[in-house]
Amino acid sequence: MRIEQLQAFLAIAETGSFQSAARKCGITQSTVSRQIRGLEDDLGMPLFHRTAQAKLTIGGERLLPRARRICQEWKQATSEIADLLEGRQPELCVAGIQSVCSHFLPPIITQFCQRYPKVQLRVTALGSDRSLKVLRDGLVDIAIVMHNPMLTNSQEMSVTPLYEDRVEVLMASDHPLATYSPAPWSEIARYPHVVFKDGYGMQRLVQSQVPETELKMALELNTLDAFRGVVRQGKMIALLPQSALAESRRDPGLAVRSTAAPVLTRQVVMVTTQDRLRLPPVRQFCDMVQRLADESFSQLSELPSLVA
């Protein structure tokens, strides 16, 4: 059973004529006849009495209301998909890591909302693993995360590298670790760490690059403001990328130190699905992110590696 068969069936039921139905559908009468014969073969009974005026059989009467609903649903579905392809979607959802949501996305959000005022933009700060999960589950359209090839190796995924930034250590200005320049990993491992909730990629990065270093994870938080507040008060420290440390560098109560070798870098990538890239708002948002990425990375690379 095909949708065009049902459309031909409805046209005959409405006009009472195979010839009129052909004109209504914009096809030949022989095509209409062939479509109805195929439909009748599938159903196993005739749908019309072939008299001077085509009248529904009992089978045709049973099919009629359902055919109308099916064709109406099909019309609605094709209309909604056409709207998507023309950029008329109700919302665009983005998930990203804290540093991206706090420092990278704000100018893009402003530009996008000006260009697509009828698209509601939703941005949620989540850990990398969680962001990729909600993307796979279809709850967001784009995820901007710390690269994790194990979670993005599906053919349906589109992964765009954006920038890399160094991992550094955040601590109170009078913390014993502040006397080091750079901070040795053996000393970094001595102190309790504040970490992000929800898929803490930095821990995975440290374990893969400095396997002999076991971090003491003492507290989980979910905002950079909370990180700064806790670290400022005592012995806890945090490993964070440069892009998350811009405000900390200006805080006299905090200190930022580079690490001794190996110096770790994280790669930030933008992930979406191949089908979503066909939607104009998604494609436009991704283009904006890509254009800004080069400039942002250039600014990050110019930051000093040691700030007292």
Side-chain angles (χ1 to χ4, degrees), residues 1-94 111-122 135-142 154-158 160 270-288 290:
M1 184 181 296
R2 301 190 306 274
I3 193 69
E4 59 266 24
Q5 291 175 313
L6 293 179
Q7 290 169 339
F9 167 77
L10 289 177
I12 298 169
E14 291 169 5
T15 64
S17 163
F18 278 65
Q19 186 177 28
S20 298
R23 287 196 296 268
K24 183 179 178 68
C25 295
I27 54 180
T28 65
Q29 183 174 340
S30 60
T31 300
V32 169
S33 298
R34 187 166 56 252
Q35 288 174 339
I36 297 304
R37 282 197 302 271
L39 189 56
E40 290 173 330
D41 289 343
D42 288 341
L43 295 173
M45 69 181 306
L47 298 173
F48 294 100
H49 297 290
R50 267 74 164 178
T51 58
Q53 182 178 11
K55 293 183 179 181
L56 290 170
T57 64
I58 187 171
E61 290 175 353
R62 293 292 177 88
L63 177 62
L64 182 61
R66 289 169 175 79
R68 283 174 175 159
R69 286 198 293 271
I70 292 170
C71 288
Q72 182 59 40
E73 286 293 326
W74 175 255
K75 182 179 179 181
Q76 182 67 25
T78 55
S79 175
E80 290 178 2
I81 291 174
D83 285 346
L84 284 176
L85 292 174
E86 292 176 12
R88 295 192 297 269
Q89 65 186 77
E91 64 179 17
L92 187 146
C93 300
V94 180
Q111 295 175 37
F112 181 86
C113 290
Q114 290 173 347
R115 182 162 298 190
Y116 289 95
K118 294 183 179 180
V119 178
Q120 184 171 9
L121 181 61
R122 299 181 184 273
L135 174 66
R136 291 197 306 271
D137 291 344
L139 300 177
V140 301
D141 300 293
I142 300 167
S154 169
Q155 288 186 347
E156 68 180 296
M157 294 292 182
S158 170
T160 304
M270 176 170 57
V271 187
T272 186
T273 55
Q274 298 289 350
D275 59 326
R276 285 184 171 87
L277 279 177
R278 298 188 62 184
L279 308 182
V282 174
R283 188 172 62 249
Q284 183 65 48
F285 191 92
C286 290
D287 289 344
M288 290 178 178
Q290 282 186 270

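Any value given below was found using the heavy atoms of this structure, including those in side chains, with hydrogens, waters and symmetry copies removed.
- In terms of heavy-atom proximity, Leu92 sits nearest to Val119 at N-CG1, 3.7 Å.
- Below 30°, between 30° and 60°, or above 60°: for Phe112 and Phe285 the angle between ring planes is above 60°, a perpendicular geometry.
- Closest of all the heavy-atom pairs between Leu56 and Ala13 is CD2-CB, 4.3 Å.
- For the residue pair Leu63 and Leu43, the shortest heavy atom distance occurs at CD2-CD1, 3.9 Å.
- Judged as a side chain to side chain contact (heavy atoms under 4.5 Å, CB included), and not counting sequence neighbours, the contacts of Glu14 are Leu10, Lys24.
- Looking at Thr15, its side chain never comes within 3.5 Å of a backbone N or O of Ser20 through a donor-acceptor pair.
- The nearest pair of heavy atoms linking Leu39 to Gln5 is N-NE2, 3.5 Å.
- Looking only at atom types and distance, the side chain of Gln76 has no donor-acceptor partner in the side chain of Gln72 under 3.5 Å away.
- A donor-acceptor contact shorter than 3.5 Å is absent between the side chain of Ser79 and the backbone of Lys75.
- Shown here for Ala54 and Phe48, the closest heavy-atom pair between the two residues is CB-CD2, 4.2 Å.
- In plain terms, the two heavy atoms of Phe9 and Gly60 that are nearest each other are CZ-O, 3.4 Å.
- Within the model, atoms CG of Leu279 and SG of Cys286 stand 10.0 Å from one another, a figure rounded to the nearest 0.5 Å.
- Residue Arg283 qualifies as enclosed at atom CZ: its count of foreign heavy atoms under 6.0 Å is above 12.
- Rounded to the nearest 0.5 Å, atoms CD (Glu4) and SG (Cys71) are 10.0 Å apart.
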Would you check, one step at a time, whether the test side-chain contact (heavy atoms from CB on, under 4.5 Å) holds for Glu91 with Leu121? CA-CA 6 Å; Glu91 64 179 17; Leu121 181 61; over 6 Å; no

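- Note that CD of Gln89 and CD of Glu80 are 12.5 Å apart. Values are rounded to the nearest 0.5 Å.
- Summarising the local packing, CZ of Arg50 is surrounded by more than 12 heavy atoms from other residues, nucleotides or ligands at distances under 6.0 Å.
- Interatomic distance, CD of Gln290 versus CE of Met270, reported as 4.5 Å (0.5 Å rounding).
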side-chain contact (heavy atoms from CB on, under 4.5 Å) assessment of Met157 paired with Arg136: CA-CA 9 Å; Met157 294 292 182; Arg136 291 197 306 271; 3.3 Å; yes

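- Residues passing the side chain to side chain contact (heavy atoms under 4.5 Å, CB included) test with Cys25, sequence neighbours excluded: Ala11, Ile27.
- Using modelled atom types, one side-chain atom of Thr272 and one backbone atom of Asp141 make a donor-acceptor pair closer than 3.5 Å.
- Here the rule is side chain to side chain contact (heavy atoms under 4.5 Å, CB included) with Ile81, and of Asp83, Thr78, Leu85 only Leu85 fits it.
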Pair Arg276-Ile142, side-chain contact (heavy atoms from CB on, under 4.5 Å): steps then yes or no: CA-CA 9 Å; Arg276 285 184 171 87; Ile142 300 167; over 6 Å; no

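- Between the side chain of Glu40 and the backbone N or O of Leu47 there is at least one donor-acceptor pair closer than 3.5 Å.
- Checking Ser30 against Thr28 by side-chain atom types alone, a donor-acceptor pair falls below 3.5 Å.
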